[in-house]
Amino acid sequence: MKKNIFFVSMFLFASYFYAQVVKKNPNLQTCFFDKYNISYDSLYICLRSDEDFLVGELLLEYPNKITLGFSSSGYYLNFDKINFEDNFIEIDFIEIWIGAEETSAEEKRMFLKYKARIDKEKISNTASWIVEVYGIDPIFIAEDTIGSVNKFESNFFVKEKTFLRKSKSLDSEIIMELIPENIFNIIDVSCTEKSKNDIWLKVEYEDKEGYIPFLSLSENWTVMENNLIYEE
């Protein structure tokens, strides 16, 4: 029987998380709780950089709920998938600074991607339902134009007409056309096999998911750091 901390975990999200994205995984009981011998019905994983800065918080709840959260206002979060391997968990997630109430009018939106790896020994048979993991630093950083925080916040759209494609290629099948009036969600940023500088966004618009070139994103983003690695 799982040790019940339901009310504690719900309190965390009701009073603590400003930004969060929730996804369901029907296999979570088997691929996580059973596989890693988790005795609690929830496991909270605090993700920190080498300098001890908080970069994200992951809550896995029995039997099928995964929540990526952040306890500071002014951020947009999302993740595409989480992998439960034999010896570790790996999650790639994006974090975009979109501004809070105290934000300066001159601030820029910042786009970061992290790859977090949590070793099995860190979480398996743990006596606590809270785990802290360090060394989670961004693998991708881009910044928008000055003042973009106040101009756009979490409104993501293209500069001009752009095709939403089935895969990361200009030759890929077209799903639909996006115009600047179409506001969409960003799911992920990644590169192609051809080059780490061939950068694409995975986005969602009206229940349709697909890819657009990163440079098509309004307003005018500049890549500051790029350690993306091609993954199928």
Side-chain angles (χ1 to χ4, degrees), residues 16-23 47-51 53-58 67-81 91-116 136-165 168 177-192 196-206 208-229:
Y16 184 57
F17 278 31
Y18 286 94
Q20 61 177 292
V21 56
V22 180
K23 299 188 179 184
L47 305 171
R48 296 185 177 277
S49 69
D50 276 331
E51 291 76 28
F53 293 117
L54 181 68
V55 300
E57 294 149 286
L58 187 64
T67 304
L68 176 69
F70 199 60
S71 56
S72 180
S73 61
Y75 289 89
Y76 169 94
L77 301 173
N78 213 337
F79 71 96
D80 190 19
K81 59 184 178 179
I91 179 172
D92 292 5
F93 63 96
I94 61 169
E95 192 171 274
I96 304 175
W97 167 246
I98 56 175
E101 290 183 8
E102 69 279 6
T103 302
S104 165
E106 299 300 306
E107 284 200 38
K108 306 174 182 180
R109 292 190 297 182
M110 297 292 296
F111 191 129
L112 301 97
K113 179 174 180 174
Y114 296 90
K115 179 182 287 291
I136 313 300
D137 293 305
I139 60 173
F140 177 85
I141 303 174
E143 64 177 21
D144 203 355
T145 52
I146 293 174
S148 54
V149 160
N150 286 312
K151 286 173 67 177
F152 305 111
E153 297 181 335
S154 61
N155 293 324
F156 304 117
F157 50 91
V158 292
K159 299 175 187 175
E160 55 189 16
K161 289 182 180 180
T162 303
F163 290 123
L164 182 67
R165 297 183 180 273
K168 296 177 286 187
E177 183 180 72
L178 292 175
I179 59 176
E181 290 76 17
N182 300 145
I183 296 174
F184 49 76
N185 292 320
I186 300 177
I187 301 173
D188 193 18
V189 60
S190 58
C191 65
T192 65
K196 74 172 186 177
N197 296 315
D198 186 17
I199 306 169
W200 289 71
L201 294 175
K202 185 175 184 180
V203 305
E204 178 188 28
Y205 177 71
E206 292 187 342
K208 294 182 176 65
E209 292 185 2
Y211 295 88
I212 60 171
F214 179 76
L215 293 179
S216 66
L217 181 64
S218 185
E219 175 164 319
N220 189 21
W221 292 83
T222 302
V223 176
M224 310 299 292
E225 182 177 331
N226 180 8
N227 293 308
L228 295 172
I229 298 173

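Please read these numbers as outputs of a predicted model, since none were measured by experiment.
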So how far is it from [X] [atom1] to [Y] [atom2], rounded to the nearest 0.5 Å?
X	Y	atom1	atom2	answer
Gln20	Leu68	CD	CG	9.5 Å
Glu219	Phe156	CD	CZ	13.5 Å
Ile183	Leu178	CD1	CG	12.0 Å
Glu51	Leu54	CD	CG	13.5 Å
Asp92	Asn78	CG	CG	12.0 Å
Phe79	Leu58	CZ	CG	7.0 Å

Query raised in the report: Taking everything shown except Ile146 itself, do over 12 heavy atoms lie less than 6.0 Å from its CD1?
Result: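 At most 12 heavy atoms, drawn from other residues, nucleotides or ligands, come within 6.0 Å of this atom.
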
Query raised in the report: CD1 of Ile179: more than 12 outside heavy atoms within 6.0 angstrom?
Result: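 Yes, because the 6.0 Å sphere around CD1 of Ile179 holds more than 12 heavy atoms from other groups.
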
Could you tell me whether the side chain of [Y] reaches within less than 4.5 Å of the side chain of [X], counting heavy atoms only?
X	Y	result
Phe184	Glu204	no
Ile186	Leu217	yes
Ile212	Leu164	yes
Phe140	Ile94	no
Lys113	Asp188	yes
Val189	Phe111	yes
Phe214	Val223	yes

Does [Y] offer a backbone N or O that forms a donor-acceptor pair with the side chain of [X] under 3.5 Å?
X	Y	value
Lys202	Glu209	no
Ser218	Ser216	no
Asn220	Thr145	no
Asn226	Lys196	yes

So which atom in [X] and which in [Y] form the shortest heavy-atom distance, rounded to 0.1 Å?
X	Y	result
Phe93	Leu47	CE2-CD1, 3.8 Å
Cys191	Lys168	O-NZ, 2.9 Å
Leu215	Lys159	O-NZ, 3.1 Å
Thr162	Glu160	OG1-O, 2.9 Å
Lys23	Val21	CE-CG2, 4.1 Å

Query raised in the report: Is the Tyr75 to Trp97 ring centre distance short of 6.0 Å?
Result: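 Tyr75 vs Trp97: aromatic centres under 6.0 Å.
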
Report task. For Ser49, check side-chain hydrogen bond (donor to acceptor under 3.5 Å, both in side chains) against everything at least two apart and list the hits. Result ->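 Per chain and number, Ser49 pairs via side-chain hydrogen bond (donor to acceptor under 3.5 Å, both in side chains) with no residue.
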
Query - Salt-bridge criterion met for Asp144 and Arg109 (N-O under 4.0 Å) - result: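 Judged by the 4.0 Å cut-off on N to carboxylate O distance, Asp144 and Arg109 do form a salt bridge.
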
